[in-house]
Number of protein chains: 2
Amino acid sequence: MNKEINIGIIGLGTVGSSVVKVLKKNSKLITARTGLEIKIKKASDIRNRKDLVGSAFTYRAVDVINDPDISIVVECMGGVNPAKSYILAAISKGKNIVTSNKEVIAKHGREILSAAKKKGVEVLFEAAVCGGIPILHAIRECLAGNSISEISGIVNGTTNYILTKMTKDNMGFAQALKQAQKLGFAEADPKMDIDGSDAAYKAAILGLVLSGCLVDPSKIYKEGIEGIEPADIDYAKSIGYVIKLLAIVKLESNRIELRVHPTLIEKDHPLAQVNDNYNAVFVKSDAFGRGMFYGKGAGGLPTASAVISDIIETGQQIAYCDEDRYYPPMTDLTVKDIGDIRSRYYIRLEVPDKPGVLAGISGAFAGKKVSIENVVQRESKGGVAQIVIILHENREKNIRSALKAISRLSVVKKIRSVIRVGVN
Amino acid sequence: MNKEINIGIIGLGTVGSSVVKVLKKNSKLITARTGLEIKIKKASDIRNRKDLVGSAFTYRAVDVINDPDISIVVECMGGVNPAKSYILAAISKGKNIVTSNKEVIAKHGREILSAAKKKGVEVLFEAAVCGGIPILHAIRECLAGNSISEISGIVNGTTNYILTKMTKDNMGFAQALKQAQKLGFAEADPKMDIDGSDAAYKAAILGLVLSGCLVDPSKIYKEGIEGIEPADIDYAKSIGYVIKLLAIVKLESNRIELRVHPTLIEKDHPLAQVNDNYNAVFVKSDAFGRGMFYGKGAGGLPTASAVISDIIETGQQIAYCDEDRYYPPMTDLTVKDIGDIRSRYYIRLEVPDKPGVLAGISGAFAGKKVSIENVVQRESKGGVAQIVIILHENREKNIRSALKAISRLSVVKKIRSVIRVGVN
């Protein structure tokens with residue numbers, strides 16, 4: 001028997017509306033995986049969003065907070081006021097809280113978590129740090145057996161986008177910022193991102209989850225990226241480094257180190273490869289060792305992914321005790337035949353070094369409706385040349401049949417390699 | 001009040017002994033985080049390991065299985081026989097199971113999970129795929145709200161090490177394999193790794209967790225890396241690709257696609273940067289988007305990290321119901337002053353283009369006991385040169401005091417940039 005979980009949402013902006021959409025789109029799948037039926041009982045916003053949630057809509061957050069059927073209140077407003085008072089009011093009514101609000105947790109997490117503990121409810125905030133990347137979950141649960149000594153994260157997509165453009169496209173800071181704004185990766189007023197304030201909120205929350213100690217974000221040392229000059233990016237590159245804005249959290253026995261600043265990172269380090277508006281968090285611990293969690297750190301859908309994961313976690317705590325767990329059903333699926341898969345392909349052929357070879361091969365591919373993306377004839381040795389061909393995406397059985405035809409061509413000595421190309 | 005969870009371990013080889021060691025080392029920390037006191041009540045191996053677990057040691061796995069106080073049996077033997085019969089026997093006694101055994105889950109997961117469901121117990125096997133990387137946890141919980149369309153993973157450290165050496169150090173296959181064996185990254189008989197069998201087990205398990213459908217690993221299409229020639233690696237490189245062995249799982253509505261084979265990956269793709277014996281799993285889903293989980297896929301400690309995470313998850317299910325949850329305590333830590341942090345530094349100075357400048361600057365650093373790792377004098381324009389200096393790791397307050405001295409030197413026009421260097 002599935003269990004119904006009634007939730008209420010406060011705030012139907014980018015994040016809140018994405019939560020609604022993903023819950024709707026994937027509701028069957030979520031129920032099959034978890035045994036939970038998540039119902040949006042009420043959802044509030046200052047703008048009319050009946051189009052989104054129908055009769056569940058209300059203008060008044062207090063309707064969400066006071067609804068006795070709602071067990072989880074999902075706060076997606078952002079900012080401290082009135083989000084903080086709504087969260088505390090909901091806790092006082094015995095509601096569990098899921099929030100995407102980094103500012104309210106970074107500044108008032110201590111008060112909020114204490115109130116929740118007193119009341120015996122849960123407060124989860126995975127979405128507050130790096131959007132969809134489950135880094136808080138990883139620290140709290142997946143690495144729960146580890147002593148974690150250090151967390152270094154690219155936790156702000158705006159600054160990472162700007163630094164990427166400065167590094168890869170030789171843009172200046174101002175030009176890169178303008179482009180970030182045009183693409184919606186930076187706010188009209190980008191100060192909080194640029195100067196490291198946003199990253200400091202996230203550092204505070206990472207520190208909280210790592211150590212139980214919440215440091216006032218205004219006490220966290222921070223430098224932004226305003227001062228990074230193209231010359232520094234060039235010099236760094238010339239000695240094998242890239243520049244990234246990092247939030248760093250380190251734990252000693254009774255001290256915590258928190259800082260946000262641009263950092264030169266060796267170009268082979270996994271963090272050095274995190275580009276555009278992606279985020280990633282690098283973790284160093286005694287058992288797991290060095291690990292990294294990579295993904296989209298902002299945006300409605302990635303943030304909704306984290307919010308819903310927290311809703312499900314809380315819902316499962318509400319629904320299941322030990323004697324009553326949920327087992328997702330086993331399914332039976334057809335296994336797709338390898339001939340039916342689609343891929344691009346890399347082909348290397350040994351051919352005699354004489355005219356007309358390429359025409360024959362191209363013709364054979366064309367005859368099987370396999371189209372060529374790129375072809376290069378490589379060095380010739382003792383009358384034998386290498387042809388390297390990249391094929392456009394096609395069904396594997398077509399490729400195999402084309403290769404069979406090609407292997408019979410007099411202009412082909414040997415098919416040396418067939419390797420699939422590409423990951424989405 | 002903390003809750004005691006009694007566990008039993010079957011198999012004290014590399015993984016089992018690492019589980020014991022990490023549980024001992026981090027026991028206080030685990031209890032603080034989770035409220036659980038995890039006790040190793042019994043642990044069995046065919047070799048005497050009293051040195052490791054004292055009076056909990058037994059030669060007989062059946063002693064672990066039959067102990068009425070044990071609620072979680074941790075199976076770390078590997079292989080199908082006798083691991084499978086031990087797991088089924090433990091389930092029949094009502095024990096929860098945590099296992100690191102990919103082969104037994106890939107081949108007999110259906111039978112094992114059905115038995116567990118009938119008995120109302122849990123079977124977790126995070127460690128069976130990519131060691132310490134919490135990829136199963138991520139799929140099951142962190143991305144539970146997502147429709148996941150594709151998983152592509154570098155899931156075998158041996159082959160990734162060999163391909164890395166072939167790519168970066170221009171080794172041939174045989175030489176790279178020999179080095180992998182020398183460093184313990186490959187078995188004496190490396191067949192199961194090289195031919196993709198190991199990766200196929202992991203593909204089967206990833207498919208199971210993604211879809212509920214467990215495909216017999218012998219039915220999974222696979223190609224190994226035996227046929228990869230240095231020429232292919234070179235040609236791939238010349239057109240912007242690297243070659244990696246991937247396990248790929250894709251879901252359609254009622255079909256599953258599973259395959260293991262070498263793949264050309266664009267050099268800017270996050271998976272292309274995963275080198276040496278590291279693993280990584282790339283996930284594509286509708287809400288989270290493109291994400292990647294990176295870390296050590298094998299070895300005692302990383303695998304123990306995953307085993308312990310599963311023990312804790314099961315322990316929490318046993319210990320806590322909704323009305324009785326555990327709140328990790330809030331702590332108070334001293335925030336480390338930025339002057340006390342240690343880092344390497346990148347310094348860029350504007351100096352007059354004349355002799356003696358470098359001597360003056362070096363002297364000033366030396367006077368504050370700050371030592372220089374690397375210094376390059378850069379182009380001169382209008383009598384002004386740029387000096388870029390990398391400093392060895394030092395305490396920030398020493399660097400600041402050295403920079404103060406340097407700013408007063410007549411041979412320094414301006415300190416243009418000071419950026420910290422490095423991530424561990």
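Since this is a predicted model, take the numbers as computed values, not measurements. Every chain is numbered from 1 and lettered A, B, ... according to where its sequence line falls, protein lines coming before strand lines.
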> At a heavy-atom separation under 4.5 Å, does B:I38 approach chain A through its side chain, its backbone, both, or neither?
Replying inline: neither
> Between B:R259 and chain A, which part of the residue has a heavy atom less than 4.5 Å away: side chain, backbone, both or neither?
Replying inline: side chain
> Between A:D286 and chain B, which part of the residue has a heavy atom less than 4.5 Å away: side chain, backbone, both or neither?
Replying inline: both
> By a 4.5 Å heavy-atom criterion (distance strictly below it), what part of A:L271 contacts chain B: side chain, backbone, both, or neither?
Replying inline: side chain
> How many angstroms lie between atom OH of A:Y278 and atom CE of B:M292, to the nearest 0.5 angstrom?
Replying inline: 11.5 Å
>> Quick check on the interface: out of B:G295, B:G227, B:A287, who has the most heavy-atom pairs with chain A under 4.5 Å?
In response: B:A287
>> Just so I understand: if I count every heavy-atom pair under 4.5 Å between each of A:V215, A:V421, A:D232 and chain B, which residue has the most?
In response: A:D232
>> Report which part of A:I243 has an atom under 4.5 Å of a heavy atom belonging to chain B: side chain, backbone, both, or neither.
In response: side chain
>> Rounded at 0.5 Å granularity, tell me how far SG in A:C142 sits from CG in B:D310.
In response: 9.0 Å
> When only pairs under 4.5 Å are counted, which of B:I265, B:N279, B:L301, B:I248 shares the most heavy-atom pairs with chain A?
Replying inline: B:L301
> In terms of heavy-atom proximity below 4.5 Å to chain A, should B:L251 be classed as side chain, backbone, both, or neither?
Replying inline: side chain
> Does any heavy atom of chain B fall under 4.5 Å from the side chain of A:I228, the backbone, both, or neither of them?
Replying inline: side chain
> Considering only heavy atoms from C-beta outward, does the side chain of A:D340 approach that of B:R255 to under 4.5 Å?
Replying inline: yes
> Considering only heavy atoms, which portion of A:K25 lies under 4.5 Å from any heavy atom of chain B: side chain, backbone, both, or neither?
Replying inline: side chain
>> Between A:E126 and chain B, with a heavy-atom cut-off of 4.5 Å, which part of the residue counts as in contact: side chain, backbone, both or neither?
In response: neither
> Measuring heavy-atom distances to chain B, does A:P262 have an atom under 4.5 Å in its side chain, in its backbone, in both, or in neither?
Replying inline: both
>> Less than 4.5 Å to any heavy atom of chain A: does that hold for the side chain of B:A304, its backbone, both, or neither?
In response: neither
>> Please classify the contact of B:Y345 with chain A as side chain, backbone, both or neither, using a heavy-atom distance under 4.5 Å.
In response: neither
>> Quick check on the interface: out of A:E141, A:K219, A:R140, who has the most heavy-atom pairs with chain B under 4.5 Å?
In response: A:E141
>> Looking at chain A, which one of B:R420, B:E252, B:K21, B:H261 has the largest number of heavy-atom pairs inside 4.5 Å, strictly under?
In response: B:R420
> So what's closer than 4.5 Å to chain A heavy atoms on B:L23: side chain, backbone, both or neither?
Replying inline: neither
>> Only pairs of heavy atoms separated by less than 4.5 Å count here; which of B:G291, B:G145, B:S18 has the most with chain A?
In response: B:G145
> Checking heavy atoms, do the side chain of A:K168, its backbone, both or neither come under 4.5 Å from chain B?
Replying inline: side chain
> Looking at side-chain heavy atoms only, is the closest gap between B:F288 and A:I133 below 4.5 Å?
Replying inline: yes
>> Taking side chain as everything from C-beta outward and backbone as N, CA, C, O, which of these in B:I390 sits under 4.5 Å from a heavy atom of chain A? Side chain, backbone, both or neither.
In response: side chain
> Top residue by heavy-atom pair count (under 4.5 Å) with chain A, among B:Q386, B:E313, B:K244?
Replying inline: B:Q386
> Are side-chain N/O atoms of A:N26 and B:S147 paired as donor and acceptor at under 3.5 Å?
Replying inline: no
> What are the two closest heavy atoms between A:L29 and B:N146, and how far apart are they?
Replying inline: CD2-O, 3.5 Å
> So which part of B:E257 gets closer than 4.5 Å to some heavy atom of chain A, the side chain, the backbone, both or neither?
Replying inline: both
> Where on A:I308 is there a heavy atom nearer than 4.5 Å to chain B: the side chain, the backbone, both, or neither?
Replying inline: side chain
> Which atoms form the tightest heavy-atom contact between A:Y346 and B:A236, and what is the distance?
Replying inline: CE1-N, 4.4 Å
> Can you tell me how far the CZ atom of A:R33 sits from the CG atom of B:L210, to the nearest 0.5 Å?
Replying inline: 7.0 Å
>> If I measure from the heavy atoms of chain B, does A:V335 come under 4.5 Å with its side chain, its backbone, both, or neither?
In response: both
> By a 4.5 Å heavy-atom criterion (distance strictly below it), what part of A:R416 contacts chain B: side chain, backbone, both, or neither?
Replying inline: both
> Which atoms of A:I256 come close to chain B, meaning under 4.5 Å heavy atom to heavy atom: side chain ones, backbone ones, both, or neither?
Replying inline: both
>> Go through it in stages, so that I can follow the logic: the residues are B:R348 and A:E229, the test is side-chain contact (heavy atoms from CB on, under 4.5 Å), and I'd like the CA-CA distance, side-chain angles, deciding distance and then a yes or no.
In response: CA-CA 11 Å; B:R348 179 158 64 96; A:E229 298 181 42; 3.3 Å; yes
>> A:D276: which residues meet the side chain to side chain contact (heavy atoms under 4.5 Å, CB included) condition with it, sequence neighbours left out?
In response: A:Y161, A:T164, A:K165
>> Let's test your reading of the structure: which of B:I30, B:I341, B:L246 forms the most heavy-atom pairs below 4.5 Å with chain A?
In response: B:I341
> Using 30° and 60° as the class limits, which term best fits the ring planes of B:H137 and A:H137: parallel, tilted or perpendicular?
Replying inline: tilted
>> Rounded at 0.5 Å granularity, tell me how far CD1 in A:I419 sits from CD in B:E223.
In response: 8.5 Å
